[in-house]
Amino acid sequence: MANIVAIGVQWGDEGKGKIVDLLAPEVDVVARFQGGPNAGHTLVIGDKKTVLHLVPSGILHDNTLCLIGNGTVVAPETIVEEMNTLIRAGIPVAQRLKISDRCQLILPYHRALDVAREIAKGKAKIGTTGRGIGPAYEDKTARRGIRLIDLTSNDLDAKISENLEWTNFLLTKYFKTDAVSRADVDEVLDLARERLLPLMADVSLILQERHKAGDSMLFEGAQGTMLDVDFGTYPFVTSSNTVSGAAMAGLGIGPAMIDEVLGICKAYTTRVGAGPFPTELYNAEGMNDAAGKHLAEKGQEFGATTGRPRRTGWFDAVVVRHAVRVAGVTGLAVTKLDVLDGLSEVKLCVAYERNGEYLQSIPADAGVLNECTPVYETLPGWAENTFGLTDMAQLPKNAKTLLDRIEEVCGCPVTMLSTGPDREHICRL
Ligand code: GDP
Ligand code: IMO
Ligand code: MG
């Protein structure tokens, strides 16, 4: 198989875990390249559900090497807990997983800062996952981050003291909240030494060797293009680049190692956390459109990491078109088509309108995006059941029409269609 980057092209939770898991047996390596435990990727196999935050979604397969690249931020307690759960389920994680020596660690003071900042922002909060993602990436860029390799260094003690002193100053004096204790940090570092150092490797080197040997690879993105720190709804975004380009810097590979970019999107749109969402219909704050409620309830739209209810709305082709361009998407995997079953009509946003003008692309200013109203095309829905379908030829005519229109307005072919949460619920072209 070709080397593929699989990314979300909306606001995350598009079904990346499911798609990566089902493609994994066809590749030799699955690698995560950005994000951290803010991600929640769900894998459903029969009656067993696995939610992964840091471990790549290829881990359930015997012969797939799973790698965590330097572009990710790793919380030792989270990944160890995840590994323990997998081990209890009979998955020999340690034999299948390697973690880059250059990975940044998320430590308890990052989480404390993330949470304190959100509380201080009050109504203006971003609605982060509270996992310390932003502060960890800030430390990386500020060149004071702690990397996995630092656990083997004699300077670690002094670095931690300095970071903790600075963060505790902010926490207690500025945010007026509790300091983080050195003992809490040391406990996490000890755990990382014990459980993560044995998995430490030069991931870029492994990828180069595997590539030379003719192995194929799947690079698994987290979040989605609209949460990208440059191309998303800034500042209501995550702190990493989520576009396909991030795979190169986040793993230490060149562009020639990437053949295809698979953009994963739902047949509608969801978002969790704050920020603009032009096609929004339904949320916990009182938007209560009946179709939006159908999407939330039938789609069981609750965050896989935080359990928060997701905001729901119609498919936004302006969003997906933007992702197709900025991430060079070569094929779309449309998920959760089955959730649209039973709706009398289905809408597709093809442009925005603002002050009497039409916009065909995403404006850089989140404030401007907030003032945009969607221009919809309305298509007839279908009463038939598409749940679990595995053959495109069996799709109701109106579902096929919707997919054709998605291809046209997004300027990208649909190459996969997901019709249920299970690995088996898939139509491939
Ligand atoms: P990810 O973060 O992109 O991996 O997506 P999440 O796992 O956070 O959220 C996707 C949710 O939709 C999970 O509960 C999946 O089990 C579920 N899911 C994925 N594909 C389908 C589908 O085609 N139909 C339905 N009904 N559920 C799906
Ligand atoms: P997966 O990989 C959906 C959102 C948060 C918040 C913003 C910033 O499962 O698709 P952060 O904690 O990253 O600083 O939060 O980004 N967010 C996600 N939303 N899916 C995710 O990951 C997300 N990861 C972060 O809700 O709005
Ligand atoms: Mg998710």
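These numbers come from the heavy atoms of this one structure, side chains and all, not from hydrogens, waters or symmetry mates. Residues: numbered from 1 along the sequence shown. All ligand and atom numbering here is 1-based and tracks the order in the structure.
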Asks: Identify the heavy atoms of G132 and I106 that sit nearest to each other, and give their distance.
Replies: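 Where G132 meets I106 most closely, the heavy atoms are O-CG2, 4.2 Å.
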
Asks: With a 4.5 Å limit on heavy-atom distance, are the side chains of L97 and C66 in contact?
Replies: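 Heavy-atom side-chain distance check passes, below 4.5 Å.
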
Asks: Can you tell me which residue and heavy atom of the protein come closest to atom 18 (N) of ligand 1, and the distance to 0.1 Å?
Replies: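 Of the protein heavy atoms, P421 CA, 3.9 Å lies nearest.
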
Asks: Looking only at side chains, do R195 and N84 share a donor and an acceptor under 3.5 Å apart?
Replies: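 Yes, side-chain donor-acceptor contact under 3.5 Å.
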
Asks: Taking both backbone and side-chain atoms of E14, is any N or O found less than 3.5 Å from an N or O belonging to ligand 2?
Replies: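 N/O-N/O distance below 3.5 Å does not exist for this pair.
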
Asks: So for ligand 2, is G12 a polar contact partner (N or O within less than 3.5 Å, distance only)?
Replies: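 Among all N and O atoms of G12, none is under 3.5 Å from an N or O of ligand 2.
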
Asks: Between the side chains of E77 and R111, is the shortest nitrogen-to-carboxylate-oxygen separation below 4.0 Å, so that they form an ion pair?
Replies: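 Salt bridge present between R111 and E77.
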
Asks: Does either side chain, that of N38 or that of T238, offer a donor lying less than 3.5 Å from an acceptor on the other one?
Replies: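 There is such a pair (donor and acceptor under 3.5 Å, judged by atom type) between the side chains of N38 and T238.
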
Asks: Does any N or O of ligand 2 fall below 3.5 Å from an N or O anywhere on G134, backbone included?
Replies: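 G134 vs ligand 2: no N/O contact under 3.5 Å.
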
Asks: Determine whether V30 and F219 make a side-chain contact, defined as any pair of heavy atoms from C-beta on separated by less than 4.5 Å.
Replies: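 The answer is no; the side chains never approach within 4.5 Å.
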
Asks: Checking a contact table here: which protein heavy atom is nearest atom 20 (N) of ligand 2, and how many Å away?
Replies: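 Nearest neighbour among protein heavy atoms for atom 20 (N) of ligand 2, to 0.1 Å: D13 OD1, 3.1 Å.
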
Asks: Do D21 and H41 meet the criterion of a side-chain donor-acceptor pair at a distance under 3.5 Å?
Replies: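 There is no such pair (donor and acceptor under 3.5 Å, judged by atom type) between the side chains of D21 and H41.
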
Asks: Has the side chain of R117 got a donor or acceptor atom that lies under 3.5 Å from a matching backbone atom of A120?
Replies: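 Absent.
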
Asks: Are there any protein N/O/S atoms under 2.8 Å from the Mg ion (ligand 3), and if so, which?
Replies: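 Protein N, O or S atoms closer than 2.8 Å to the Mg ion (ligand 3): D13 OD1, G40 O.
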
Asks: Verify the distance criterion only: is there a donor paired with an acceptor across the side chains of K18 and S418 at less than 3.5 Å?
Replies: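 A pair is found: one side chain offers a donor N or O, the other an acceptor, under 3.5 Å apart.
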
Asks: Going by the atom numbers of ligand 1, which of them fall below 4.0 Å from some non-hydrogen atom of H41?
Replies: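 Within the 4.0 Å cut-off of H41, ligand 1 contributes 1 (P), 2 (O), 4 (O), 7 (O).
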
Asks: Which bit of T42 gets closer than 4.0 Å to ligand 1, counting heavy atoms only: side chain, backbone, both or neither?
Replies: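 For T42, the contact with ligand 1 is made by both the backbone and the side chain.
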
Asks: Using heavy-atom distances, let me know which of H53, K16, R310 sits nearest atom 9 (O) of ligand 1.
Replies: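 It is R310 that holds the nearest heavy atom.
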
Asks: For P76 and V74, which heavy atoms make the closest approach, and how far apart are they?
Replies: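 What the structure gives for the nearest pair is CD-O, 3.3 Å.
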
Asks: Quick one: look at T419 and ligand 1, take heavy-atom pairs under 4.0 Å, and tell me if it's side chain, backbone, both or neither.
Replies: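 For T419, the contact with ligand 1 is made by the backbone alone.
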
Asks: If you have a sec, work out which protein heavy atom is nearest atom 13 (O) of ligand 2 and how many Å separate them, to one decimal?
Replies: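 Among all protein heavy atoms, the one nearest atom 13 (O) of ligand 2 is T238 OG1, 2.6 Å.
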
Asks: Please check: side-chain N/O of T72 versus main-chain N/O of G69, any donor-acceptor pairing under 3.5 Å?
Replies: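 Yes, the answer is positive, given that a donor and an acceptor are paired below the 3.5 Å cut-off.
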
Asks: Is K266 in polar range of ligand 1, meaning some N or O pair under 3.5 Å apart?
Replies: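 No; the residue has no nitrogen or oxygen that sits under 3.5 Å from a nitrogen or oxygen of the ligand.
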
Asks: Check step by step if side chain to side chain contact (heavy atoms under 4.5 Å, CB included) holds for R131 and H110.
Replies: CA-CA 8 Å; R131 299 294 191 271; H110 293 124; over 6 Å; no

Asks: Out of G127, A136, S239, indicate the one that has the non-hydrogen atom closest to atom 6 (C) of ligand 2.
Replies: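 Among G127, A136, S239, the closest heavy atom to atom 6 (C) of ligand 2 belongs to G127.
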
Asks: Let me see the working for K266 and T270 under side-chain hydrogen bond (donor to acceptor under 3.5 Å, both in side chains), right down to the final yes or no.
Replies: CA-CA 8 Å; K266 286 175 179 160; T270 64; 2.8 Å; yes

Asks: Any N or O on T128 sitting closer than 3.5 Å to an N or O of ligand 2?
Replies: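 No.
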
Asks: For ligand 2 and R131, I'd like to know whether there is a polar contact (N/O to N/O, distance under 3.5 Å).
Replies: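 For ligand 2, there is no N or O atom that lies under 3.5 Å from one belonging to R131.
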
Asks: Could you identify the single nearest non-hydrogen protein atom to atom 10 (C) of ligand 1 and state the distance to 0.1 Å?
Replies: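 For atom 10 (C) of ligand 1, the nearest protein heavy atom is D13 O, 3.7 Å.
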
Asks: If you have a sec, work out which protein heavy atom is nearest atom 23 (O) of ligand 1 and how many Å separate them, to one decimal?
Replies: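 Atom 23 (O) of ligand 1 sits closest to the protein heavy atom S418 OG, 2.5 Å.
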
Asks: What part of V237, side chain from CB on, backbone N/CA/C/O, both or neither, has a heavy atom under 4.0 Å from ligand 2?
Replies: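 Only the backbone of V237 comes within reach of ligand 2.
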
Asks: Using a 4.0 Å heavy-atom threshold (strictly under), name the region of R308 that reaches ligand 2: side chain, backbone, both or neither.
Replies: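 The answer is the side chain.
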
Asks: If only side-chain N and O atoms count, and only distance matters, is there a donor-acceptor pair under 3.5 Å linking N63 with D28?
Replies: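 On atom types as modelled, these side chains do not qualify, holding no pair under 3.5 Å.
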
Asks: Among side-chain atoms of S216 and N3, is any donor-acceptor pair under 3.5 angstrom?
Replies: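 No pair is found: no donor N or O on one side chain lies under 3.5 Å from an acceptor on the other.
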
Asks: Below the 3.5 angstrom mark, is there an N/O of T129, backbone or side chain, next to an N/O of ligand 2?
Replies: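 Looking only at distances, the answer is yes, because the N/O contact criterion of under 3.5 Å is met.
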
Asks: With a 3.5 Å distance limit and no angle check, can you tell me whether T305 reaches the backbone of A39 through a side-chain donor-acceptor pair?
Replies: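 Side chain of T305 to backbone of A39: a pair is present.
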
Asks: Should the pair K293-D289 be classified as a salt bridge under the 4.0 Å nitrogen-to-oxygen rule?
Replies: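 Looking at D289 together with K293, the answer is no, because their closest N to O distance does not fall below 4.0 Å.
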
Asks: Under 4.5 Å between any side-chain heavy atoms of L171 and T167, yes or no?
Replies: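 A side-chain contact under 4.5 Å exists here.
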
Asks: Among side-chain atoms of E371 and Y352, is any donor-acceptor pair under 3.5 angstrom?
Replies: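 E371 vs Y352: no donor-acceptor pair found between side chains.
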
Asks: Near V272, which atoms of ligand 2 are under 4.0 Å from a heavy atom of that residue?
Replies: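 Those atoms are 3 (C), 5 (C), 19 (N), 26 (O), 27 (O).
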
Asks: Compute the shortest N/O to N/O distance between V44 and ligand 1 and return yes if it is under 3.5 Å, no if not.
Replies: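 In this structure, V44 places no N or O atom under 3.5 Å from an N or O of ligand 1.
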
Asks: Among protein heavy atoms, which lies nearest atom 9 (O) of ligand 2, and at what distance?
Replies: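 I find the closest protein heavy atom is G40 N, 2.9 Å.
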
Asks: Counting non-hydrogen protein atoms only, what is the nearest one to atom 24 (N) of ligand 1? Give residue, atom name and distance.
Replies: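 For this ligand atom, the closest protein heavy atom is D338 OD1, 2.8 Å.
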
Asks: With heavy atoms under 4.0 Å as the rule, classify the contact between W11 and ligand 2 as side chain, backbone, both or neither.
Replies: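 For W11, only backbone atoms sit under 4.0 Å from ligand 2.
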
Asks: Could you tell me which atoms of ligand 2, counted from 1 in the order shown, lie closer than 4.0 angstrom to a heavy atom of K16?
Replies: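 Answer, ordered by atom number: 1 (P), 2 (O), 10 (O).
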
Asks: Would G12 count as being in polar contact with ligand 1, using the rule that some N or O on each side must be under 3.5 angstrom apart?
Replies: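 No, there is no polar N/O contact under 3.5 Å.
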
Asks: Going by heavy-atom distance to atom 28 (C) of ligand 1, choose the closest among K336, R423, Q300.
Replies: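 Ranked by closest heavy atom to atom 28 (C) of ligand 1, first place is K336.
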
Asks: Please indicate whether any nitrogen or oxygen in G40 is less than 3.5 Å from any nitrogen or oxygen in ligand 1.
Replies: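 Between G40 and ligand 1, an N or O pair is found under 3.5 Å apart.
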
Asks: What protein heavy atom sits nearest atom 18 (C) of ligand 2, and how far off is it?
Replies: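 Protein heavy atom with the smallest distance to atom 18 (C) of ligand 2: L227 CD1, 3.6 Å.
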
Asks: Picking from H425, E424, M416, what satisfies side chain to side chain contact (heavy atoms under 4.5 Å, CB included) with L22?
Replies: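 The residue from H425, E424, M416 that satisfies side chain to side chain contact (heavy atoms under 4.5 Å, CB included) with L22 turns out to be M416.
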
Asks: Closer than 4.0 Å to some heavy atom of A222 - which atoms of ligand 2 meet that?
Replies: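 Matching atoms, with element in brackets: 2 (O).
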
Asks: Using heavy atoms and a threshold below 4.0 Å, how should the contact between K18 and ligand 1 be classified: side chain, backbone, both, or neither?
Replies: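 Only the side chain of K18 comes within reach of ligand 1.
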
Asks: Pairs of nitrogen or oxygen atoms closer than 3.5 Å, one from F387 and one from ligand 1: do any exist?
Replies: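 For ligand 1, there is no N or O atom that lies under 3.5 Å from one belonging to F387.
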
Asks: Short N/O distance, under 3.5 Å, between D114 and ligand 2?
Replies: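 By distance alone, the answer is no.
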
Asks: Quick one: does NZ or CZ of K347 land under 6.0 Å from the six-membered ring centre of Y376, within 45 degrees of the ring axis?
Replies: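 Yes, a cation-pi geometry.
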
Asks: Going by atom types only, do T242 and Q223 share a side-chain donor-acceptor pair under 3.5 Å?
Replies: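 There is no such pair between these side chains.
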
Asks: May I ask you to identify the nearest protein heavy atom to atom 4 (O) of ligand 1, giving residue, atom name and distance to one decimal place in Å?
Replies: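 Going by distance alone, atom 4 (O) of ligand 1 is nearest to G17 N, 2.8 Å.
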
Asks: List the steps, then state whether side chain to side chain contact (heavy atoms under 4.5 Å, CB included) holds for L67 with I206.
Replies: CA-CA 9 Å; L67 301 173; I206 295 176; 4.2 Å; yes

Asks: Please identify which atoms of ligand 1 are closer than 4.0 Å to at least one heavy atom of G15.
Replies: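 Close to G15: 1 (P), 3 (O), 4 (O), 5 (O).
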
Asks: Looking only at protein heavy atoms, which one is nearest to atom 23 (C) of ligand 2, and how far off is it?
Replies: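 Of every protein heavy atom, Q223 CG, 3.6 Å lies nearest to atom 23 (C) of ligand 2.
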
Asks: With distance as the sole test, does D338 use its side chain to make a donor-acceptor pair with the main-chain N or O of N385 at under 3.5 Å?
Replies: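 Pair absent, no side-chain N/O of D338 close to backbone of N385.
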
